[in-house]
Visitor: 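Could you have a look at this structure, given as structure tokens, before my questions?
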There are 2 protein chains.
Amino acid sequence: MSNYIINMETEHLIALVSAIRDKANRFIFEQLKARGIKDIAPAHGGVFFHLFRNSELTMGELARLIDRDKSTVTSLVEKLGGLGYIKRERDAVDRRVTKIRLTQKGRLLEADFEDISRRLLSKAYVGFSDKEMEVIVKLLTRVNNNF
Amino acid sequence: MSNYIINMETEHLIALVSAIRDKANRFIFEQLKARGIKDIAPAHGGVFFHLFRNSELTMGELARLIDRDKSTVTSLVEKLGGLGYIKRERDAVDRRVTKIRLTQKGRLLEADFEDISRRLLSKAYVGFSDKEMEVIVKLLTRVNNNF
DNA sequence: ATAATATAGTTGGACATCAAACTAATGTCA
DNA sequence: TGACATTAGTTTGATGTCCAACTATATTAT
């Protein structure tokens with residue numbers, strides 16, 4: 001909830017959005033811990049998410065996809081590499097480029113991530129009709145595109 | 001967008017929420033910079049927000065209000081104190097307690113914050129009817145309460 | 001009243017994050 | 001071809017954040 005630069009009305013949008021994000025992160029962290037996965041934080045989710053769908057990504061691609069600075073990606077990749085979840089190798093053609101791939105250990109997390117996602121969604125949408133889910137996503141998409 | 005521990009559907013809620021929060025933060029930061037306020041970050045907004053409305057708060061109250069760890073509040077208060085925006089004093093009755101107040105310099109920011117809030121809201125809600133604004137806030141409130 | 005417990009806040013360590021400065025490799029252009 | 005510019009990624013330094021351990025003060029229970 002770091003968005004308190006807001007008046008009464010803004011509080012009902014941006015502060016809500018911030019609070020939900022914080023709570024979702026905490027939920028994900030709890031779920032990971034409950035599965036004995038103690039070395040991964042929500043911030044790493046983006047890296048895994050995109051590597052599950054792309055067998056190979058460069059640092060720059062990853063930075064763009066998770067919308068983080070390239071220096072942030074350097075440190076995330078170092079962390080996850082040190083833990084054995086991903087590996088990096090220099091591109092043979094363009095030697096400036098670093099390619100990132102999941103290791104076997106990394107790929108094993110996919111099922112856990114999917115399950116946690118399902119639980120997160122279930123929790124978030126308690127009491128929602130299909131129509132309401134659709135509406136909230138549509139409205140949030142419009143807010144997102146307004147920036 | 002640190003919530004990529006998600007499948008296709010979740011992406012449409014939690015990732016959206018994360019993306020919006022990030023963008024709102026960036027917007028606020030830009031607006032602050034544009035006013036020549038370069039030493040304040042979005043994370044400080046919560047402290048100001050609550051101090052505009054409460055002339056005096058303890059560290060613990062602040063921590064609860066902005067939903068951050070008390071040690072985080074220690075460092076935020078140190079930062080803002082060093083910049084001259086707030087001041088702390090020990091409570092005479094219960095000497096464990098620290099009271100936080102805005103300085104004159106801190107109070108001067110209120111108008112800027114209010115203006116930034118208005119602009120942020122205007123931007124977020126471009127194209128929204130009053131009814132849609134009401135709906136999105138209601139639905140988000142329900143999601144928030146589901147956690 | 002004294003010992004045990006609880007509470008307020010700080011400290012230390014880890015890490016995510018960004019911006020700015022940097023290095024290394026590639027590309028361009030005269 | 002050689003100088004300049006661009007691009008990929010790393011390094012450095014600052015800050016926000018949490019947790020766990022700690023200090024100091026206050027409260028409670030025996």
Side-chain angles (χ1 to χ4, degrees), chain A residues 1-5 18-19 21-23 25-26 28-30 32-33 38-48 56-83 86 88-100, chain B residues 1-5 18 21-23 25-26 28-30 32-33 38-48 56-83 85-86 88-100:
Chain A
M1 237 173 322
S2 61
N3 290 78
Y4 272 101
I5 298 181
S18 284
R21 195 192 91 134
D22 282 352
K23 290 176 178 178
N25 270 344
R26 284 167 199 171
I28 291 165
F29 194 63
E30 289 306 312
L32 286 166
K33 263 202 311 195
K38 304 205 167 107
D39 49 10
I40 289 183
H44 304 137
V47 177
F48 284 106
E56 186 176 274
L57 287 171
T58 69
M59 300 292 280
E61 287 167 342
L62 213 36
R64 184 177 46 75
L65 287 167
I66 69 174
D67 195 22
R68 287 289 172 268
D69 191 86
K70 53 206 175 109
S71 61
T72 300
V73 173
T74 296
S75 93
L76 291 176
V77 162
E78 252 161 32
K79 182 85 201 303
L80 294 178
L83 295 172
I86 62 179
R88 30 173 20 166
E89 54 187 74
R90 281 218 169 286
D91 187 298
V93 178
D94 186 338
R95 291 152 57 92
R96 292 171 304 182
V97 172
T98 304
K99 297 289 192 59
I100 312 301
Chain B
M1 230 172 328
S2 63
N3 289 77
Y4 273 101
I5 298 181
S18 285
R21 196 192 91 132
D22 281 351
K23 289 175 180 179
N25 270 344
R26 284 168 199 170
I28 291 165
F29 194 62
E30 290 306 312
L32 286 165
K33 264 202 311 196
K38 304 205 167 108
D39 48 10
I40 289 183
H44 302 138
V47 177
F48 284 105
E56 184 176 276
L57 287 171
T58 69
M59 300 292 280
E61 288 167 342
L62 212 38
R64 184 177 46 76
L65 288 168
I66 70 174
D67 195 21
R68 289 288 171 266
D69 192 86
K70 52 205 175 113
S71 61
T72 300
V73 173
T74 296
S75 92
L76 292 176
V77 163
E78 252 160 32
K79 181 86 203 303
L80 294 178
L83 295 171
Y85 292 111
I86 63 179
R88 25 168 32 162
E89 54 187 75
R90 279 216 170 289
D91 186 299
V93 178
D94 186 338
R95 293 153 59 90
R96 292 171 304 181
V97 171
T98 304
K99 297 287 191 60
I100 311 301

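Chain identifiers are assigned alphabetically (A, B, ...) following the order of the sequence lines, protein sequences preceding nucleic acid strands; residue numbering begins at 1 within each chain.
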Visitor: To the nearest Å, give me how far apart CG (Leu57(B)) and P (dA8(C)) are.
Guide: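 After rounding, the reported distance stands at 14 Å.
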
Visitor: Could you tell me how far apart Asp67(A) (CG) and dA16(C) (P) are, to the nearest whole angstrom?
Guide: 17 Å

Visitor: Under 3.5 Å, which protein N or O atoms sit close to an N or O of nucleotides 4-7 of chain C? Give each pair with its distance.
Guide:
residue : atom : partner  : partner atom : Å
dT7(C)  : O2   : Arg96(B) : NH1          : 2.9

Visitor: Below the 4.0 Å mark, does dT15(D) have OP1 or OP2 next to a side-chain nitrogen or oxygen of His44(B)?
Guide: no

Visitor: Roughly how many Å is it from CG in Leu62(A) to P in dA16(C), rounded to a whole number?
Guide: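 Distance check: Leu62(A) CG to dA16(C) P gives 14 Å.
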
Visitor: Please name all residues satisfying side-chain contact (heavy atoms from CB on, under 4.5 Å) with Arg95(B), sequence neighbours left out, ordered by chain then number.
Guide: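 Partners of Arg95(B) by the side-chain contact (heavy atoms from CB on, under 4.5 Å) criterion come out as none, since no residue qualifies.
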
Visitor: Heavy atoms only, 4.0 Å cut-off, all strands: where does Asp94(B) land among base, sugar-phosphate and nothing?
Guide: sugar-phosphate

Visitor: Output the distance between atom OG1 (Thr74(B)) and atom NZ (Lys70(B)), rounded to the nearest 0.5 Å.
Guide: 8.5 Å

Visitor: Any idea which heavy atoms bring Leu76(A) and Ala43(A) closest together, and the distance?
Guide: CD1-O, 4.3 Å

Visitor: Answer yes when Asp67(B) and Lys23(A) have at least one side-chain N-carboxylate O distance shorter than 4.0 Å, and no when they do not.
Guide: no

Visitor: Heavy atoms within less than 4.0 Å of DNA chain C: which residues of residues 71-80 of chain A have one? Give them sorted by number.
Guide: Ser71(A), Thr72(A), Ser75(A), Leu76(A), Lys79(A)

Visitor: For a quick test of reading the model, state the closest non-hydrogen atom pair linking Val47(B) to Ile66(B) and the distance between them.
Guide: N-CG2, 4.0 Å

Visitor: In Å and rounded to the nearest 0.5 Å, what is the CG to CD1 distance from Leu80(A) to Ile86(A)?
Guide: 4.5 Å

Visitor: To the nearest Å, give me how far apart NZ (Lys33(B)) and P (dC18(C)) are.
Guide: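 Roughly 13 Å, once rounded to whole Å.
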
Visitor: Which pair of non-hydrogen atoms, one from Phe29(B) and one from Ile40(B), has the smallest distance, and what is that distance?
Guide: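 Phe29(B) and Ile40(B) have their closest heavy atoms at CE1-O, 3.8 Å.
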
Visitor: Atom NZ of Lys70(A) to atom P of dT12(D): distance rounded to whole Å?
Guide: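 Lys70(A) atom NZ is separated from dT12(D) atom P by 15 Å.
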
Visitor: What are the two closest non-hydrogen atoms of Arg21(A) and Asp22(B), and how far apart are they?
Guide: NH1-OD1, 3.9 Å

Visitor: Taking the nucleotide of DNA chain D with the closest heavy atom to each, which residue, Arg95(B) or Asp39(B), is nearer the 5' end?
Guide: Asp39(B)

Visitor: Could you state the CG-P distance from Leu32(A) to dC18(D), rounded to the nearest angstrom?
Guide: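 Result: 18 Å.
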
Visitor: Nearest whole angstrom, please: distance from the C1' of dC15(C) to the NZ of Lys38(A).
Guide: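 These atoms are roughly 19 Å apart.
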
Visitor: Between Arg90(A) (CZ) and dA24(C) (C1'), how many Å, whole number?
Guide: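 The answer, rounded to whole Å, is 8 Å.
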
Visitor: Choosing from dG9(C), dA16(C), dC19(D), which nucleotide comes nearest the side chain of Ala43(A)?
Guide: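 Per side-chain heavy atoms of Ala43(A), the pick is dA16(C).
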
Visitor: From the list dG9(C), dA21(C), dC18(D), which nucleotide is the closest neighbour of the side chain of Asp69(B)?
Guide: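 Of dG9(C), dA21(C), dC18(D), dC18(D) is nearest to the side chain of Asp69(B).
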
Visitor: Any side-chain N or O of Arg88(A) under 4.0 Å from OP1/OP2 of dT10(D)?
Guide: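 Checking Arg88(A) against dT10(D): at least one side-chain N or O falls below 4.0 Å of OP1 or OP2.
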
Visitor: Hey, could you give me the OG1/CZ distance between Thr98(A) and Arg90(A), rounded to the nearest 0.5 Å?
Guide: 4.5 Å

